[in-house]
Amino acid sequence: MKYNILLLIFIFIASCTNKPLSKSSSNYVPYKNSGFALIYNPDSHKNEKFYKKINNENMEIGHNILKKNSILKITNPDNMKSIELKITKKINYSPFYKILLSQRVADELELNKEMPFVDVIERKKNKSFVAKVATTHSEEKKVENKAPITQVKIDNISINKKADIKKSKKFSIIVGVFYSEISTNELKEILERGYVNNGSLTVKKLGKNKFMLSSKPYTSINTLKKLYFGLNKYGFDDLEIKQHD
């Protein structure tokens with residue numbers, strides 16, 4: 001009974017940290033999350049339980065929490081390409097994914113189709129909003145312009161290395177950050193006795209009285225999905241997914 005009460009407290013805390021408050025609230029926090037994008041595919045319509053469609057030839061995005069016309073900045077952390085778009089439709093899809101993208105948006109961002117990891121940030125509305133794509137930061141462009149010719153070969157080598165790393169990138173699910181090491185470890189034990197495999201979670205000390213509970217790093221999106229849905233059964237929603245360098 002002691003563990004059940006403790007679990008309910010943790011679920012309440014964790015479920016509140018990732019959900020934005022009502023926009024009418026003065027304490028409203030814009031939506032921010034990281035995880036995998038769902039690239040729209042009509043063939044997977046039934047599998048993902050879509051009730052609305054988007055046009056793959058247009059620059060369209062959908063979200064399962066935020067309202068239509070909310071502005072989101074979507075970034076591919078692998079190449080730092082980003083795009084700002086208004087949500088075309090509010091669409092119901094698997095909670096494992098952080099956003100639904102048309103094929104055209106995915107192509108613009110040059111996402112890895114097998115592991116389409118993105119950072120998503122909600123932006124303030126602007127009456128003169130125009131969709132825009134950013135490829136590199138100004139500082140990066142200055143470095144590129146000043147780079148000596150002899151560095152070209154080094155850059156080509158690094159590109160090849162990045163291609164190899166891309167195949168083995170690891171990802172972990174962040175359950176939450178808590179103040180007590182004892183309580184965090186107790187929560188870990190509770191979760192691993194239920195819907196989550198034993199040994200799949202880890203506790204990391206971030207500082208004094210600050211402990212992060214997360215999954216171990218995995219390279220398989222299917223493994224991450226299974227773990228994510230296991231945590232969902234405990235009431236954890238819209239969990240952040242971290243990409244490891």
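The residues of the chain are indexed from 1 along the displayed sequence.
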Indicate whether the side chain of [X] and that of [Y] have a donor and an acceptor atom separated by less than 3.5 Å.
| X | Y | result |
| --- | --- | --- |
| Y195 | K226 | no |
| D238 | Y31 | yes |
| S70 | H63 | no |

Cluster overlap L206 with I174, hydrophobic side-chain contacts below 4.5 Å: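 Hydrophobic grouping puts L206 with I174.
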
What distance do N198 atom CG and L191 atom CG have between them, rounded to the nearest 0.5 Å?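 Here the rounded value is 11.5 Å.
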
Between F36 and F171, is the gap from one ring center to the other below 6.0 Å?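 Under 6.0 Å, so yes.
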
Is any side-chain heavy atom of [X] less than 4.5 Å from a side-chain heavy atom of [Y]?
| X | Y | result |
| --- | --- | --- |
| E122 | L66 | yes |
| N56 | R104 | no |
| I99 | I61 | yes |

Can you give the donor-acceptor pairs under 3.5 Å from side chains of residues 113-121 to other protein atoms, not counting sequence neighbours?
residue: K113; atom: NZ; partner: D107; partner atom: OD1; Å: 3.1
residue: D119; atom: OD1; partner: S34; partner atom: OG; Å: 2.8

Take a 6.0 Å sphere around CZ of F229 and say whether it holds more than 12 heavy atoms from other residues, nucleotides or ligands.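 Check passes, neighbour count above 12.
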
Does G199 offer a backbone N or O that forms a donor-acceptor pair with the side chain of K216 under 3.5 Å?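 Pair found, side chain donor or acceptor close to backbone of G199.
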
In plain terms, say whether E108 and K81 are close enough for a salt bridge, that is, a side-chain N and a carboxylate O under 4.0 Å apart.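 No salt bridge links E108 with K81.
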
